[in-house]
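In the text below, chain A, chain B and the rest are named by the order of the sequence lines, each starting its count at 1.
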Amino acid sequence: MEELIIQINDDFNLNKISNSGQCFRWGECSHDTYRIIAGADCLYITVLDNECYKLECTEDKYNSFWREYFDLQENYQVIRKRIDQEKDHFLWEAAEYEKGIRILRQDPWETLITFIISQNRNIPGIRKSVELLAETCGEKRLDSRGLEYYTFPSPATVQSLSEKELSDCRLGYRCKYVHAAAQAVTAGDFDLNRLLYTDHTDAVAALTALSGVGVKVANCVSLFGLHHTDAFPIDVWMKRILAEHYPDGYPYERYTPYNGIYQQYMFAYYRHKEKRYI
DNA sequence: AGGCAGGCTTTTA
DNA sequence: TAAAAGCCTGCC
């Protein structure tokens with residue numbers, strides 16, 4: 001088995017990332033090991049001492065895929081230190097508590113489908129549907145420990161599914177949204193990768209043109225799938241946070257271009273305080 | 001025109 | 001039974 005030890009001298013907490021609600025195919029194997037499925041790849045990662053981690057992959061695979069996936073070229077300590085403890089105590093406290101969250105660089109297509117599925121559902125339900133979709137039409141592979149996993153299916157593969165096959169993934173009324181998105185991407189009517197190079201406002205405008213993609217889901221895709229770190233998803237929890245802690249308006253300008261990263265700290269922290277882990 | 005009520009699949013707690 | 005990282009349609 002290929003193994004690699006890396007040291008990460010920055011905020012990086014697997015448990016925080018896993019619980020942050022941006023990824024739905026992370027599995028906790030033990031208190032210190034996670035199995036991560038992303039796109040067509042699977043990785044076991046184990047926490048060691050002194051900011052060191054053991055990755056069950058080759059150095060080439062780390063350099064070509066996982067390093068970028070974890071967004072390791074970005075310095076989150078620097079981003080976190082921009083918060084003024086006096087001016088914005090709630091955000092400061094949230095960031096201190098949720099230190100270790102990073103915005104993963106997930107695949108745009110996988111992120112789009114995942115967040116269409118996410119609407120009006122809790123996290124266990126989202127995980128289940130994503131897994132069923134992968135099992136239905138993803139590719140079966142073996143991970144580094146010889147266990148099976150399913151890759152996330154391509155747009156063409158999802159587009160080829162029947163109504164019943166999608167329905168059996170427990171997608172409910174979202175079936176037609178998932179199918180339409182797969183259709184648009186497969187036909188070339190919708191160029192997701194182009195949106196990697198626009199700003200988040202343009203990306204949100206393009207994404208909301210898709211049926212079943214509203215402003216909230218579009219901002220999630222922009223943030224988690226296109227890595228537009230200024231995207232700021234507002235769901236029911238963020239509405240509560242804004243009403244409770246920013247009754248006179250939220251200072252977006254102060255935090256550009258990292259509004260989305262700060263949003264993640266607040267979202268996770270607030271849910272933690274409300275004891276809503278799922 | 002733009003805001004709002006009601007409906008939607010299914011799971012989870 | 002209500003709520004869940006919502007969105008669409010139809011009505012006013």
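Rounded to a whole Å, the CD1 atom of A/Ile116 is 11 Å from the C1' atom of C/dC7. Straight-line distance from the CZ atom of A/Arg240 to the C1' atom of C/dA5: 11 Å, rounded to whole Å. In this structure, A/Arg271 atom CZ and B/dA13 atom C1' are separated by 14 Å, rounded to whole Å. If you take CD of A/Gln119 and P of B/dT12, they are 18 Å apart, rounded to a whole angstrom. Distance CG (A/Leu112) to P (C/dC7): 12 Å, rounded to an integer number of Å. Rounded to whole angstrom, the span from the CG atom of A/Asn19 across to the C1' atom of C/dA5 amounts to 14 Å. Atom CD of A/Glu274 and atom P of C/dA4 are 11 Å apart (whole Å). Note: CD1 (A/Ile101) to P (C/dA5) measures 15 Å, nearest angstrom.
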Once Watson-Crick and G-U wobble pairs under 3.5 Å are found, how is DNA chain C written in dot-bracket notation, 5' to 3', with | for any base paired to another strand? ||||.|||||||
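A stacking contact between A/Trp237 and C/dA5 is absent: the pair does not combine a ring-centre distance of less than 5.5 Å to the base's six-membered ring with planes differing by less than 30°.
Taking a cutoff of 4.0 Å between a charged side-chain nitrogen and a carboxylate oxygen, A/Glu274 and A/Arg240 do not qualify as a salt bridge. With respect to the salt-bridge test (charged N to carboxylate O, under 4.0 angstrom), the residues A/Glu68 and A/Arg105 do not qualify. Using a cutoff of 4.0 Å between basic side-chain nitrogens and carboxylate oxygens, A/Asp235 and A/Lys239 are not scored as salt-bridged. Using a cut-off of 4.0 Å between Lys/Arg side-chain N and Asp/Glu carboxylate O, A/Arg145 and A/Glu56 are scored as salt-bridged. Salt-bridge formation is not detected for the pair A/Lys61/A/Glu59: no Lys NZ or Arg NE/NH1/NH2 atom is positioned less than 4.0 Å from an Asp or Glu carboxylate oxygen. Using a 4.0 Å cut-off between charged side-chain N and carboxylate O, A/Arg141 and A/Glu148 make no salt bridge.
Taking atom P in both C/dA5 and B/dG3, the straight-line distance is 26 Å, to the nearest Å. The gap from the P atom of C/dA3 to that of B/dA5 amounts to 16 Å, rounded to the nearest Å.
Looking at heavy-atom distances under 4.0 Å, A/Gly214 makes contact with sugar-phosphate atoms alone, never a base. Among the protein residues, A/Thr208 comes within range of no part of the nucleic acid, since none of its heavy atoms lies under 4.0 Å from any strand. Contact annotation for A/Phe24: no contact, since no heavy-atom pair falls under 4.0 Å across all strands.
Proximity of a side-chain donor or acceptor of A/Asp10 to a complementary backbone N or O of A/Leu72 within less than 3.5 Å is not detected. The main-chain N or O of A/Ala231 is never found under 3.5 Å from a side-chain atom of A/Ser222 such that the two would form a donor-acceptor pair. Counting only distance, with no hydrogens or angles, the side chain of A/Thr229 and the backbone of A/Gly260 share no donor-acceptor pair below 3.5 Å. A/His228 places a side-chain N or O within 3.5 Å of a backbone atom of A/Leu195 that can act as its donor or acceptor partner.
For A/Leu210 and A/Ile234, each mapped to the nucleotide of DNA chain C holding its nearest heavy atom, the one lying further toward the 5' end belongs to A/Ile234. Where A/Gln264 and A/Ser211 meet DNA chain C, the nucleotide closest to each residue was compared, and A/Gln264 sits on the side nearer the 5' end.
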Anything under 3.5 Å between a protein N or O and an N or O of nucleotides 10-12 of chain C, put it in a table, one pair a line.
none

Every protein N/O lying under 3.5 Å from an N/O of nucleotides 6-11 of chain B:
{"unit_1": "B/dT9", "atom_1": "O4'", "unit_2": "A/Tyr173", "atom_2": "N", "d": "3.3"}
{"unit_1": "B/dT9", "atom_1": "O2", "unit_2": "A/Arg174", "atom_2": "NH1", "d": "2.8"}
{"unit_1": "B/dT9", "atom_1": "N3", "unit_2": "A/Arg174", "atom_2": "NH2", "d": "3.4"}
{"unit_1": "B/dT9", "atom_1": "O4", "unit_2": "A/Asn120", "atom_2": "ND2", "d": "3.2"}
{"unit_1": "B/dT11", "atom_1": "OP1", "unit_2": "A/Arg170", "atom_2": "NE", "d": "3.0"}

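Residue A/Gln73 qualifies as enclosed at atom CD: its count of foreign heavy atoms under 6.0 Å is above 12.
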Give the intermediate values and the outcome of side chain to side chain donor-acceptor pair (under 3.5 Å) for residues A/Tyr252 and A/Asp230. CA-CA 9 Å; A/Tyr252 297 102; A/Asp230 218 24; over 6 Å; no
